[in-house]
Amino acid sequence: MSAPNSDRHIFRLSGADTRDFLQGLVTNDVAGVDAGLVYAALLTPQGKYLADFFLAADRDGVLLDADAAQAEALRTRLSMYKLRADVTLEDSGLHLHRGLGEVPADGFADPRHAAMGWRAYRDDAPKPDDIDWTALRVTHLIPQTGVELTPDTFILEARFEAVNGVDFRKGCYVGQEVTARMKHKTTLRKGLAQVEVQGEATPGTDIVADGKPAGTLLSRSGDTAIAYLRYDRAQGPMQAGEARVLWPGAAG
């Protein structure tokens with residue numbers, strides 16, 4: 001049974017400049033909130049990950065659904081960028097509800113993957129559920145705040161394009177130049193991959209191939225896990241502590 005979604009913090013942004021303000025900061029097209037939930041990230045000017053969140057239209061404003069551990073840093077960062085823009089950032093007091101199956105009338109389909117169900121923002125706190133959200137993430141290779149997504153992360157290595165978290169047709173945003181260059185001018189040599197794990201190894205364990213560092217084991221569900229890999233070194237059997245690690249997607 002999962003705990004209530006108290007690990008999320010829901011902000012409300014309002015004011016005449018709200019959408020333009022967000023559009024100049026985040027990785028995805030904010031106009032998408034008119035059609036549903038938008039998944040996006042805030043980056044450093046060097047293109048490194050700072051935070052990821054969901055955006056939802058809310059009357060004349062926008063709700064921002066963020067990891068609670070990042071809430072205060074995100075508040076500070078957004079306030080710093082706000083300057084004289086007509087934008088008010090406040091706590092909404094709302095709670096995240098999640099589920100699978102048909103999307104309720106007040107809900108939004110999770111834009112990362114259909115298997116991740118729906119999200120809704122309500123006044124009342126949610127009840128515990130029995131959904132294994134980690135297993136769903138691992139199955140569909142979806143990164144998690146603070147696990148696969150850290151201050152060292154470049155979002156394209158974390159599959160942000162695959163989970164609908166970045167738009168390459170929108171205008172400029174913080175970190176856009178680095179992200180666009182990685183998309184159009186380089187071949188990714190590192191990134192997230194789904195691996196098979198045989199034996200005991202906890203998330204965070206280093207992965208080694210032929211005695212050389214090959215990556216890190218991250219979220220795990222049973223014998224399947226998400227790993228951050230150096231693709232050139234992950235072509236055969238690897239070790240993570242006492243466990244054997246295989247990458248089915250290895251070339252050849």
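For clarity, every value in this text was computed on a predicted model and none was experimentally measured. Computation of the quantities below employed the complete heavy-atom set of this structure, encompassing side-chain atoms and omitting hydrogens, waters and symmetry-equivalent molecules.
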Check whether [X] reaches the backbone of [Y] with its side chain - one donor and one acceptor, N or O, closer than 3.5 Å.
X      : Y      : result
His113 : Ala115 : yes
Asp210 : Lys212 : no
His97  : Asp124 : yes
Thr205 : Ala240 : no
Ser219 : Val138 : no
Gln23  : Val30  : yes
Arg220 : Gly222 : yes

Measuring from [X]:[atom1] to [Y]:[atom2], what's the distance to the nearest 0.5 Å?
X      : Y      : atom1 : atom2 : answer
Ile207 : Gln239 : CD1   : CD    : 10.5 Å
Leu156 : Leu188 : CG    : CG    : 6.0 Å
Thr76  : Tyr81  : OG1   : OH    : 12.5 Å
Thr18  : Asp86  : OG1   : CG    : 7.0 Å
Phe168 : Thr27  : CZ    : OG1   : 9.0 Å
Gln235 : Leu229 : CD    : CG    : 9.5 Å

In the structure I gave you, are the side-chain heavy atoms of [X] and [Y] within less than 4.5 Å of one another anywhere?
X      : Y      : value
Leu192 : Tyr228 : yes
Trp133 : Leu136 : yes
Arg98  : Met116 : yes
Phe160 : Thr179 : no
Val166 : Tyr173 : yes
Met238 : Arg244 : no
Pro143 : Ile226 : no
Ser79  : Leu89  : yes

Under a single-linkage rule joining Ile, Leu, Val, Met, Phe, Trp and Tyr whose side-chain heavy atoms are separated by less than 4.5 Å, which residues share a cluster with Trp118? Val103
Audit row: Leu94, Asp123, side chain to side chain contact (heavy atoms under 4.5 Å, CB included) steps and yes/no: CA-CA 5 Å; Leu94 297 173; Asp123 293 327; 3.2 Å; yes
Mind checking what makes side-chain contact (heavy atoms from CB on, under 4.5 Å) contact with Thr139, not counting sequence neighbours? none
Who are the side-chain contact (heavy atoms from CB on, under 4.5 Å) partners of Asp34, not counting sequence neighbours? Arg19
What pair of heavy atoms forms the shortest contact from [X] to [Y], and how long is it?
X      : Y      : value
Leu141 : Ala193 : CD1-C, 3.7 Å
Ala41  : Ile155 : CB-CG2, 4.5 Å
Gly107 : Ala120 : CA-CB, 3.9 Å
Arg233 : Pro213 : NH1-O, 2.9 Å
Leu37  : Ala109 : CB-O, 3.8 Å
Phe154 : Lys48  : CZ-CE, 3.2 Å

Go through the steps for Gln194 and Thr224 under the test side chain to side chain contact (heavy atoms under 4.5 Å, CB included), then give the verdict. CA-CA 7 Å; Gln194 188 181 80; Thr224 306; 3.5 Å; yes
Verify same cluster id: [X], [Y] (apolar side-chain graph, 4.5 Å):
X     : Y     : result
Leu78 : Met80 : yes
Leu13 : Val33 : yes
Phe21 : Leu74 : yes

Listing request: all ring pair (Phe, Tyr, Trp, His ring centres under 6.0 Å) pairs with a residue in residues 195-217, at least two apart in sequence or in separate chains. none
Pair listing, salt bridge (Lys or Arg N to Asp or Glu O under 4.0 Å) test, anchored in residues 155-181, at least two apart: Glu161-Lys183, Asp167-Arg169, Glu177-Arg181
So does [X] have more than 12 non-hydrogen atoms from other groups sitting under 6.0 Å from [atom1]?
X      : atom1 : answer
Arg189 : CZ    : no
Asp232 : CG    : yes
Asp106 : CG    : yes

Worked check of side chain to side chain contact (heavy atoms under 4.5 Å, CB included) between Leu217 and Val195: CA-CA 9 Å; Leu217 191 69; Val195 296; 4.2 Å; yes
Donor-acceptor contacts, no H, no angles, side chain residues 52-73, under 3.5 Å, sequence neighbours left out:
residue, atom, partner, partner atom, Å
Asp52, OD1, Tyr49, OH, 2.6
Asp52, OD1, Thr145, OG1, 2.7
Asp52, OD2, Tyr39, OH, 2.7
Asp52, OD2, Thr145, OG1, 3.3
Asp58, OD2, Arg12, NE, 2.6
Asp58, OD2, Arg12, NH2, 3.4
Asp65, OD1, Arg8, NE, 2.8
Asp65, OD1, Arg8, NH2, 3.1
Asp65, OD2, Arg119, NE, 3.0
Asp65, OD2, Arg119, NH2, 2.9
Asp65, OD2, Tyr121, OH, 2.7
Asp67, OD1, Ala69, N, 2.8
Gln70, NE2, Tyr49, OH, 3.0
Gln70, NE2, Leu50, O, 3.4
Glu72, OE1, Arg75, NE, 3.2
Glu72, OE2, Arg75, NH2, 3.1

Do Leu246 and Gln198 pass the side chain to side chain contact (heavy atoms under 4.5 Å, CB included) test, and can you show the C-alpha distance, the side-chain angles, and the key distance before you say yes or no? CA-CA 8 Å; Leu246 299 171; Gln198 302 168 357; 3.8 Å; yes
Do Lys190 and Tyr231 meet the cation-pi criteria used here (NZ or CZ under 6.0 Å from the six-membered ring centre, within 45° of the axis)? no
